[in-house]
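First up is the structure itself, then whatever we jot down about it.
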Amino acid sequence: MSAFPLAAAASLSSSSSVAQSYGSALPPAMILAVIRENPVTIVVGETGSGKTTQMTQYLHEDGYTSLGLIGCTQPRRVAAMSVAKRVSEEMGVELGQEVGYAIRFEDCTSDKTFIKYMTDGVLLRETLSSEDLFQYKAVIMDEAHERSLNTDVLFGILKKVVAMRADFKLIVTSATLDSAKFASFFGNAPVFNIPGRTFPVDVLWSRTPQEDYVEAAVKQALAIHLRDPPGDILIFMTGQEEIEATCFSLAERLDQMRSGGQDVPELMILPIYSQLPSDLQAKIFDKAPEGSRKCIVSTNIAETSLTVDGIYYVIDTGYVKMKVYNPKMGMDALQVFPESQAAANQRSGRAGRTGPGTAYRLYTESAFKHEMLVSSVPEIQRTNLANVVLLLKSLNVDNLLHFDFMDPPPQENILNSMHQLWVLGALDNVGGLTSTGRHMVEFPLEPALAKLLLAGAAMGCSAEALTIVSMLSVPSVFFRPPDRAEESDAAREKFFVPESDHLTLLHVYQQWKNNGYRGDWCARHYLQGKGLKKAKEVRAQLLDIMKTQRLPLTSCGSDWDVVRKAICSAYFSNAGKFKGIGEYVNCRTGMPCHLHPSSALYGLGYTPDYVVYHELGMPCHLHPSSALYGLGYTPDYVVYHELVFTSKEYMQCVSAVEPEWLAELGPMFFSIKESHSSRQERRKKEAATAAAMAAEAAQAEEAKAAAAAAAAAEEAERRQKAREAAATPAGRRATTPRRPLGL
DNA sequence: TCTCAACGC
């Protein structure tokens, strides 16, 4: 048996009611003995304890793999891949053979595989085809304290598996903070403590609350740079805008000092956030030249996803951006909240990976103790659960309100998600799965996108739907370097299909295909080649699933109106009705959604005689990245992929739709009837004594509407022409059908 | 009032 590097310092503590004690030195044999004797074991292992790579090998050496697989789940794909690679190297086998990994759209395992690393979402999906996970003898849920949505659902499912199978072992890793809670959820499971090998970090508090934490962080970073011994600095901010402001201000202050004659050593200022193009991201791993140091300004991405060595100083603003779902509004809000105490400790810990470090917290100790939650609200309690509901339904969980969640989500979220699925035709009137629902659950997609594929198949445009769904399943392919924002925006606009952001994505993909899937073509048009390639892979995998589902692959050619209709049938719950310049209202909830001034739909309007009827109305905005933003024509009705409140209620990924489609495809929400205003008009006219005058008035009204419509059409045409003149992607006009919508 | 954290199936 290989040496267990953790054993020397490992100890076993017990949960409240299991009074076992194993002393301070714990050989692997003892850990394995406890696992043998208990169906569930909680392992508290700090970062750097090596548990992720060692535990699977121990279980293998203890014979668990002779009868089945050992699975180990990770919250992130890169972790699943890199850990599998390392373990395969340690065991001297080829990756993908005895040791492999599986992530969405990528299965790197074989018949020989007995240790399998995977994302927790993959294991969750596997429970669909084998409810008791019979192929696994043991599952290790790593980083379970992060409490991802999938982890939490798996908790409930694996608890059942443990109850069903006496031969199954579950090992859950947790942070110290949650170990008692985890142990109690799994029936007083024993708890191991495996100390990590990180260095101590001095925590320094702000004496007074900071009004402007960007300014405070800049000052602190400069103070460290000018005063303290070598070692790199990591600053945590909430988002891209703050990061850029911080970087700018730091550079400016350094310039000022130098031009004032001060001798300031060099400081590499490095922003990092997920939307940053990957070549710029990679710079944070460059070593600072001798005599200088680097200062990384980061979002949460450096809290868990990215680990940079050499950090001795952490500056923590104390805030974090989080998505919170509001079921009443059907909207996500992306808002800044104080971080949790657990997150603060995690951030501080980033200063202690290479040597003893210092964490500067830009808030008071009292704020930490009294204003911060001990740990973050688990994702399952603040998210749309449509996907989870669909999955549990297909696992025959009849009553979701009684499902054994460690922290149950608000009942309202569950009921709202069930309603969404009913609306999409995935659930019947008594909450059972329909055949549509059974088709949908086969796709590793959110329900609306799965529905879009099914609708595409039914309407003869599944090839186009497939491309759009694939493009929405990868990070945005539009490349927007902060220093070339205008150029890249102009490049993006050349691909715009004015009536639809969804069709714009389709257009980009088709152009890329027409240009031989070339990388240099991507670079020229400010597109992420990597993302497009990924979309192509995703498309192929989804196509495989479509084949097994016997769904036809058909193209509608250049008749893209059909595609918009398919989009409408997936997204009619997210319909917005034109309200005023730049402003829409969600037809159902009354939620506001605004057109962004750069939308194609912005700035023009007309009044239809008939409307899709709904009294409520709240504004929603077009996102500035939308093809519909500010380009000059305004459809009366749009559907959107997602509504997120940031500075405003912004719709993301918007398509114009015909009102009669909404009535046809979403009859539970919409019916066509005469609008209030046009009814009044009619009655007025009826009351008029002179029939001739009334007719004249009507004529005048019509002429006005026609003129407005013509003007709108002309304007749209003009803008289109202007864009075409500027556009370079070959053949765009030839392949993009368009007509001014609803005019 | 012209822009969004980072994860995942």
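Here is how names work: the chains are called A, B, and so on, in the same order as the sequence lines, proteins then strands, and each is numbered from 1.
Using a 4.0 Å heavy-atom criterion, one finds that A/L334 contacts the bases of the nucleic acid, with or without backbone contacts as well. Residue-level contact check: A/V122 touches the backbone only, with heavy atoms under 4.0 Å from sugar-phosphate atoms and none from bases. If you check every strand for non-hydrogen atoms under 4.0 Å, A/E241 touches nothing. Contacts of A/R76 with the nucleic acid, taken as non-hydrogen atoms under 4.0 Å apart, involve only primed sugar atoms and P, OP1 or OP2. Note on A/S647: only backbone sugar-phosphate atoms sit closer than 4.0 angstrom, heavy atoms only; bases stay farther off. Counting any heavy atom pair closer than 4.0 Å across all strands shown, A/N387 reaches a base atom. Across all strands, A/S473 comes closer than 4.0 Å to no nucleic acid atom at all (heavy-atom distances). Residue A/L445 is in base contact, counting any heavy-atom pair closer than 4.0 Å across all strands shown.
Atoms CD1 (A/I380) and P (B/dG8) sit 18 Å apart, rounded to a whole Å. In this structure, the CE atom of A/M81 is 12 Å from the P atom of B/dC7, given to the nearest Å. Nucleotide B/dA5 holds its C1' atom 12 Å from the CD atom of A/E642, rounded to whole Å. In this structure, OH of A/Y325 is placed 19 Å from C1' of B/dA5, rounded to the nearest angstrom. The separation between A/Y319 atom OH and B/dA5 atom P is 17 Å, rounded to whole Å. Distance, A/I272 CD1 to B/dA5 P: 13 Å, rounded to whole Å. Rounded to an integer number of Å, the gap from A/Y273 OH to B/dA5 C1' is 13 Å. If you take CE of A/M651 and P of B/dC2, they are 14 Å apart, rounded to a whole angstrom.
Remark: A/T119 is in phosphate contact with B/dC9, judged by side-chain N or O atoms under 4.0 Å from OP1 or OP2. Of the side-chain N and O atoms in A/R480, none sit less than 4.0 angstrom from OP1 or OP2 of B/dT3. For B/dC7, neither phosphate oxygen OP1 nor OP2 lies less than 4.0 angstrom from any side-chain nitrogen or oxygen of A/K323. Residue A/S305 places at least one side-chain N or O closer than 4.0 Å to OP1 or OP2 of B/dC7.
With B/dA5, B/dC7, B/dC9 as the choices, the nucleotide that has an atom nearest any side-chain atom of A/R77 turns out to be B/dC9. Closest to the side chain of A/K648, out of B/dC9, B/dC7, B/dT1, is B/dT1. Distances were taken from every side-chain heavy atom of A/S274 (C-beta onward) to each of B/dC9, B/dC7, B/dC2; the shortest belongs to B/dC7. Proximity note for A/D489 (side chain, C-beta onward) versus B/dT3, B/dA5, B/dC9: the nearest is B/dT3. Residue A/Y650 places its side chain closer to B/dT3 than to any other of B/dA5, B/dC7, B/dT3. Of the candidate nucleotides B/dA5, B/dC9, B/dA6, B/dC9 has the atom nearest to the side chain of A/P444.
Under the side chain to side chain donor-acceptor pair (under 3.5 Å) criterion, A/Y213 pairs with A/E242, sequence neighbours left out. The side chain to side chain donor-acceptor pair (under 3.5 Å) search around A/N345 returns A/R361, not counting sequence neighbours.
Taking the six-membered ring for Trp and thresholds of 30 and 60 degrees, A/F495 and A/F478 have ring planes inclined between 30 and 60 degrees apart. Ring geometry for A/Y526 against A/F479 counts as tilted: the plane angle lies between 30° and 60°, on a 0 to 90° scale.
Listed here is the closest heavy atom pair of A/F443 and A/R125: O-NH2, 3.1 Å.
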For a side-chain hydrogen bond (donor to acceptor under 3.5 Å, both in side chains) check, start with the C-alpha distance between A/Y363 and A/E371, then their side-chain angles and the critical distance, and finish with the verdict.
CA-CA 10 Å; A/Y363 44 87; A/E371 290 162 32; over 6 Å; no
